[in-house]
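Proteins come first, then strands; the chains are lettered A, B, ... in the order of their sequence lines, and each starts at number 1.
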Amino acid sequence: MRHQNTTEHVTSGVNRLAGMRRRVVAAVSGVAGAMFLAGCATNAPQDTWQPKGPNAKIIDDLQKPVFAVAGIIGVIVTVAVIVAVFKFRDKGQPIPHQSHGNPALEITLTIIPALILTVVGVFTFRTVFDLAKTSDTEMIINVTGQQWWWEYDYPVQNEYGITQPIITSGQLVIPAGTKVLLRQTSRDVIHSYWIPALNGKRDAVPGRVHLNRIEADKPGIYAGQCTEFCGLSHANMRMEAVALSKADFAKWVANQLKPYTSPAENTLAKEGETVFMNQCVRCHQVNGMKRADGTPVIAAPDENMVSGAAPNLSHLMSRNTFAGATFDLLNKSCREDVWTADSESFGDKYLSGVNEDCLNQKDLRGWLRNAPAMKPMYANPALLTSTGGKYRGMPNLGLTEADIEKLVAYLLTLK
Amino acid sequence: MAAGIAGAGLGLREDLAHAKEEGHYMHQECGAEKSKYFDKLPLEGVSATSSVDTHIDLIDGKLVASVQGIAGLQETITVPRSNPTNIVFRNKTDGEYRLVASLGSKMLTDGVKEDVVHCTQLIPQGSEQLLILNIPKPAEAGKPFTLTVPGLTGQSIEVIVP
């Protein structure tokens, strides 16, 4: 009787193990299948295998053969391990003859990987030096990272019509077919700038200037995101590079240099300007804005923000995104229209900016209503003792719906 | 350790204690003349080389800027708002000179405006000093921020904060 119980117990255990193994195999197969299918996605703007500029192409030319070699070796090793595990598993057979040392085999297995790594190393070094080249730079843009957005400022470059510095954020606008040198730094913690279609990653480190060269072959939008963990909203620190034809880039520059125009009197936008002056200029600058007495309005983010800066909102509606490129300023259909435009029509569509019909009202109003609810930013006033009351992102300003209505009308004038 | 013992033997530590009592690094006297406190024992070398944004050189009485990543000599530099920017001043002209950054003015609590000026110590030919700029606001129209060398007229590098 006792023997029968023991047998049933063992049989039950074996069945449980077999069931568990089936579930593990199913789970692993499911994950592997999902990963494989994800690789087939067509709408993948951050695909590292689709270079759209010479710098990314240099990387691609290295990574593809290396991936092929590594893949072949990986398959050989994996198959060898699986064969060994199954073929030589314990079936009660006698222990085979034991031997020690095989100099010829060991030397061969050392020399082959060493040769492979040497070849890979030589080409990797050559790629690194190619990417570090800056002597043929045609344009300079300063890039400053901050929790959790990117600021771009264009120093004076008369050959591109940039007669005064231009400052913008979220979207980096560049002329296509131009070797652009990004001078990267950071205001707070280490970030990393990465637009896969245009070049590899380059860290932005406080107190240092790192050089990063990008170039786009054709007009279009190229997506990227911060790739160095930088705090609460790291995943929301996105960016887009917008490449325009040289003629369209000149138009963009001319628009960015247009002087500020205050909204007409007795309009909702004018009331919005007043709200902006009372609330938003504590951190956000709009170049050229003046008070009623003619004094310039200079924002004071250094008094309110840990990092001392907030996005400059001059010409906000010439961009397609806001809040660190986390949200679209364009609604879904208008955004689709810009993103899917061909090279010839892209410039006109991008330069038309954001109008009332295309504005993503939902997200912009939501942002003005309660920004920290849409993007985590350590903006709880009760938790700011360690920063002396300063914010790391936009707080909830407690605006009324009427104020939001006015502000949206005003922001739409910042073309 | 040897350097520390040698330094103590030469009286440097006593000198530093004296400097602390006088608070002479608080006396940033940024004129052309030598200051009793601020210019005492100037540091003449900079170890920071990899994180320098701009070199400002005084060459044969002419002030020029070399910005990392930008080819050629510049007469204006652009620095990000509220971001420490390392500038190394190199004196390549006979005589002692300092670099002075005139960064506008700031409002004090009593409503009075105070000029914001930072400067290096006077350094002789062949020496260099670090100046860190951290400018929270852009300049007012018509009042650009500048880098100048007292005693040299007509030599100025404009600092633009977008």
Side-chain angles (χ1 to χ4, degrees), chain A residues 134-146 151-157 162 164-169 180-188 204-213 256 283 285 287-288 290 295-296 298-312 314, chain B residues 46-56 65-88 103-109 111 113 116 130-147 156-162:
Chain A
T134 59
S135 56
D136 55 356
T137 294
E138 295 172 307
M139 184 179 199
I140 303 275
I141 301 173
N142 294 322
V143 178
T144 308
Q146 175 176 327
E151 180 181 87
Y152 307 105
D153 74 73
Y154 299 65
V156 170
Q157 290 162 91
I162 306 174
Q164 296 172 44
I166 293 172
I167 185 163
T168 184
S169 61
V180 178
L181 185 70
L182 306 181
R183 300 177 71 246
Q184 296 178 191
T185 187
S186 164
R187 285 197 177 91
D188 37 39
V205 181
R208 299 176 70 98
V209 176
H210 287 176
L211 304 177
N212 185 15
R213 197 168 73 157
Q256 298 298 309
C283 295
Q285 181 77 44
N287 297 344
K290 289 182 178 171
T295 55
I298 304 289
D302 51 306
E303 294 165 16
N304 300 293
M305 303 287 296
V306 173
S307 56
N312 186 309
S314 309
Chain B
V46 177
S47 60
T49 53
S50 61
S51 57
V52 176
D53 181 274
T54 303
H55 284 97
I56 304 290
S66 312
V67 182
Q68 189 190 353
I70 302 180
L73 299 174
Q74 312 294 313
E75 292 178 353
T76 63
I77 62 171
T78 304
V79 301
R81 185 173 176 153
S82 292
N83 200 36
T85 304
N86 296 338
I87 286 177
V88 169
L103 307 176
S105 57
K106 66 177 178 184
M107 192 71 81
L108 301 178
T109 49
K113 278 188 172 179
V116 179
L130 181 71
L131 189 64
I132 301 174
L133 303 182
N134 192 346
I135 310 173
K137 293 181 175 66
E140 291 177 32
K143 297 178 184 173
F145 300 145
T146 58
L147 297 172
S156 174
I157 302 285
E158 188 177 345
V159 181
I160 299 173
V161 181

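Looking only at side-chain heavy atoms (C-beta outward), A/Ile162 and A/Met139 come within less than 4.5 Å of each other. Between B/Asn83 and A/Thr185 there is a side-chain heavy-atom pair separated by less than 4.5 Å. Residues B/Leu130 and B/Asn86 meet the side-chain proximity criterion, which asks for heavy atoms closer than 4.5 Å.
At a 4.5 Å heavy-atom cutoff, A/Gln164 makes no contact with chain B through either its backbone or its side chain. When heavy atoms are compared at a cutoff of 4.5 Å, A/Glu303 approaches chain B solely by way of its side chain, counted from C-beta outward. Contact annotation for B/Ile160: only side-chain heavy atoms (C-beta onward) come within less than 4.5 Å of a heavy atom of chain A. When heavy atoms are compared at a cutoff of 4.5 Å, A/Ser135 does not approach chain B at all. For a residue to count as touching a neighbouring chain, one of its non-hydrogen atoms must lie under 4.5 Å from one of that chain's; by this rule A/Arg187 touches chain B with backbone and side chain alike. For chain B, no part of A/Pro296 is nearby; none of its heavy atoms comes within less than 4.5 Å. Contact of A/Thr144 with chain B is made through the side chain alone, with heavy-atom distances under 4.5 Å.
Chosen from A/Thr137, A/Asn287, A/Ile140, the residue pairing most often with chain B at heavy-atom distances under 4.5 Å is A/Ile140.
Electrostatic pairing of B/Arg81 and A/Asp153 does not count as a salt bridge here, judged by no charged N lying under 4.0 Å from a carboxylate O.
By the side-chain contact (heavy atoms from CB on, under 4.5 Å) test, B/Lys113 is found to be paired with B/Ser105, B/Met107, B/Glu140, residues two or more places apart in sequence or in another chain being considered.
Distance check, rounded to the nearest 0.5 Å: CG of B/Asn134 to OG1 of B/Thr85 gives 7.0 Å.
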